[in-house]
There are 2 protein chains.
Amino acid sequence: MATIRDVAQRAGVAVSTVSRFLNKNINLPEKTEQKIIRAIDELNFSPNKVARSLVSKKSEILVVVVPDISSPFFSHVVKDIEKSAHKDGFNVILCDTDNNLDKEREQINSLRNSFIAGYILVGAIDDVNDPCGDILKNMQEKGEPVVLIDRHNSDNTFPQVIHDKYLATLMATEHLIRLGHRQIGFITGDLRVYSALNALKGFKAAMANISKNESDMIVVEGGFDLDKGIRSTEMLLQKHPQVTGLVVFSELALIGAYNKLMEMGISIPQDISLIGIGETDLAKIVQPPLTTVGFDFAKTGELAYRQLKNLIVGKSMDERNITLKPEIFIRSSTRFLD
Amino acid sequence: MATIRDVAQRAGVAVSTVSRFLNKNINLPEKTEQKIIRAIDELNFSPNKVARSLVSKKSEILVVVVPDISSPFFSHVVKDIEKSAHKDGFNVILCDTDNNLDKEREQINSLRNSFIAGYILVGAIDDVNDPCGDILKNMQEKGEPVVLIDRHNSDNTFPQVIHDKYLATLMATEHLIRLGHRQIGFITGDLRVYSALNALKGFKAAMANISKNESDMIVVEGGFDLDKGIRSTEMLLQKHPQVTGLVVFSELALIGAYNKLMEMGISIPQDISLIGIGETDLAKIVQPPLTTVGFDFAKTGELAYRQLKNLIVGKSMDERNITLKPEIFIRSSTRFLD
DNA sequence: TTGTAAGCGTTATCAG
DNA sequence: CTGATAACGCTTACAA
């Protein structure tokens, strides 16, 4: 690999001149510029990022932390972040924490001496009980650019993008209520996750209109994968065979619930109306297509990146907290209860 | 941020001593070791990766290039690579090329001066016509560690992990033939992709047993997403309403085909037997569950990482080319044609 | 065993 | 406007 020294030597100028040229700091005379260009070309030189990073104390590297990249929502968000970031010349380091906050800690800490330009952290399990407070606090003190997506954000410390899961679950549940359902079950996500907790609140708020005390409400703690959806559905139906409507948090668990109902020979929506929180292709594709309350998460990644970018360049933002509102997609898995 | 200098000063030793301690190059006397540990602790010091990288001319950063991280197969592979890599202390830069080879070129080139430890490239569109030859050749010359997954690999230049899509499609087609089908349609992937091309060969090989000339074979060029699967199925059925069996390459296109058939009121497997190449949860979940010929792609990422690791540490591998064999999962979407 | 100093490839300061 | 040269934070000969 040729260095800036080699280029300078070959062009017959000083390294600083080449450096200036590279950083377009100044208008050099046509003549020297040509010499430099030629030398760079002949040597096939390109400046070393690491050396550059060492002196400038920054890099063009972003870190994106997700609980599970193989989950459709997260992989879409990451894709959009990467796409936006790439346009600005940033590269993205992906950290998959496997829903393990210790791993998250470790990963972030191991990167903290690499002049990372900024971080985007996506909601993780146990976020509610232990919002990585120590690390985040430290990052804040150090002034490191951090943006949060669907994450517990005490004291509103960091800019964030939030999907209003409270409202989404409220809407979903109210939809069933409007259709005449009274015996409505809710399969939550892992309640140590910020947005899952909010969803539960939304469910309770909606149910409060038709049910006097909370203890009557039919709630089973679920999770974010297919398997959890299957098992939770089974459990819920066993304990509460009277349900006519089912609200399921998270896309994958919804598909799990769908699968379980089909397997049990329970007809959707004849026997049970099924509605999910979160929108994916999957919900549209199964038969019958599933009614969902979802978000246009094509925007999430880009919005989060934009926030981060503003943070990095020190530009003030119009709004530090972006809350995305849900939309209901009525398909064929819910019916009027006569 | 404290530097190694600060630590040395505080501990009352030379920087080199601290460096030696950090790199465990030597056994220091208990006494000085304690002093250093204390200083490090008090200053909350951790060594700067960038500076380290500059002198060592290497880094703990891997680059993984995929055509589309939002596709289930790729996101699973990336997850496994990340997991394995993280155990060895590597971080992973994710490049999503959006199936654009120019973007791939650009991304890789922009990273070539960052002392990247190694690269894993996953099969992309146009790989067949233009296997990024210039860049890859250059990388080979420079001795940069590169591992390929499902990718055109002229002259067997790089270690690789391959899913035998030829065999998979052969098996799928033969399964339908065994069930008595003769009018079998095939929806390919994008034929500029290496493994899609192989799949087509597999289909033709199987069909050769029951069909004299190739021009009789029913083939429609498809793609890798849901939408392409839907459109290709529509087109195929329009031109060839006589088909009783359908082989679909790629997981997502399979689901698209399923969806289209359902929408058209075509019963699976009564009217048409449907079989897919590639295994995902989706195929298991829809009703009826779909027969597939798939791969245990839980292994792919880890295997590729292992190859790369060996390349990086200069360890010779048992096998440079790992070919993963498919397995048939017979479910309820194929039936005996009476 | 420990310390001194050179150097990794840049950028930035400061003379000329 | 250009050219030496000192950083940046670390590793590693080489010397003591």
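Protein chains get the first letters and strands the later ones, always in sequence-line order, with residue 1 at the start of each.
The closest side-chain heavy-atom distance from V65(B) to T97(B) is below 4.5 Å.
I36(B) has its CD1 atom 14 Å from the P atom of dC10(D), to the nearest Å. One atom, NZ of K58(A), and another, C1' of dC8(D), lie 14 Å apart when rounded to the nearest Å. Atom CD of Q9(B) and atom C1' of dG9(D) are 14 Å apart (whole Å). Nucleotide dA12(C) holds its P atom 10 Å from the CZ atom of R20(A), rounded to whole Å. In this structure, the CE atom of M1(A) is 15 Å from the C1' atom of dC8(C), given to the nearest Å. Distance N113(B) CG to dT11(C) C1': 16 Å, rounded to the nearest Å. Rounded to whole angstrom, the span from the CZ atom of F21(B) across to the P atom of dT12(D) amounts to 16 Å. For N23(B) and dA13(D), the CG to C1' distance is 15 Å, given to the nearest whole Å.
Listed by residue number, the members of residues 41-57 of chain A with any heavy atom below 4.0 angstrom from DNA chain C are F45(A), S46(A), P47(A), N48(A), A51(A), R52(A), V55(A).
Between dT2(D), dG3(C), dT11(D), one nucleotide has an atom nearer to the side chain of A14(B) than all others, and that is dG3(C). Nearest nucleotide to the V15(A) side chain, out of dT5(D), dT4(C), dC1(D): dT5(D). Proximity note for L28(A) (side chain, C-beta onward) versus dT2(D), dG9(C), dT2(C): the nearest is dT2(D). Ranking dC10(D), dA4(D), dT4(C) by closeness to the R5(B) side chain, first place goes to dC10(D). Picking from dG3(C), dT11(D), dT11(C) the nucleotide with the shortest atom distance to the side chain of S16(B) gives dG3(C).
Residue pairs meeting the ring pair (Phe, Tyr, Trp, His ring centres under 6.0 Å) criterion with at least one partner in residues 76-113 of chain A, sequence neighbours excluded, are H76(A)-F297(A). Among residue pairs with one or both ends in residues 311-320 of chain A, none qualify as salt bridge (Lys or Arg N to Asp or Glu O under 4.0 Å); sequence neighbours excluded. Sorted by first then second residue, the salt bridge (Lys or Arg N to Asp or Glu O under 4.0 Å) pairs that include residues 45-73 of chain B, not counting sequence neighbours, are K79(A)-D68(B).
The shortest heavy-atom contact between R112(A) and Y119(A) is CA-OH, 3.9 Å.
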Q.
Before you tell me yes or no, could you show the steps for N113(A) and S46(B) under side-chain hydrogen bond (donor to acceptor under 3.5 Å, both in side chains), namely the whole-Å CA-CA distance, both residues' side-chain angles and the distance that decides it to 0.1 Å?
A. CA-CA 7 Å; N113(A) 278 290; S46(B) 91; 2.2 Å; yes
Q: Show the numbers, then the answer: is there a side-chain hydrogen bond (donor to acceptor under 3.5 Å, both in side chains) between Y194(A) and N153(A)?
A: CA-CA 9 Å; Y194(A) 173 74; N153(A) 190 8; over 6 Å; no
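Screening V122(A), V64(A), T300(A) for a side chain to side chain contact (heavy atoms under 4.5 Å, CB included) with I81(A), the sole residue that qualifies is V64(A).
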Side chains of residues 7-18 of chain A: which donor-acceptor partners sit under 3.5 Å, not counting sequence neighbours?
unit_1 : atom_1 : unit_2 : atom_2 : d
R10(A) : NE     : E42(A) : OE1    : 2.5
R10(A) : NH2    : E42(A) : OE1    : 3.1

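Between its opening and closing five pairs, the helix from dT1(C)-dA16(D) to dG16(C)-dC1(D) changes axis direction by 50°, a value rounded to 10 degrees.
Here T3(B) does not reach the OP1 or OP2 of dG9(D): none of its side-chain N or O atoms lies under 4.0 Å away.
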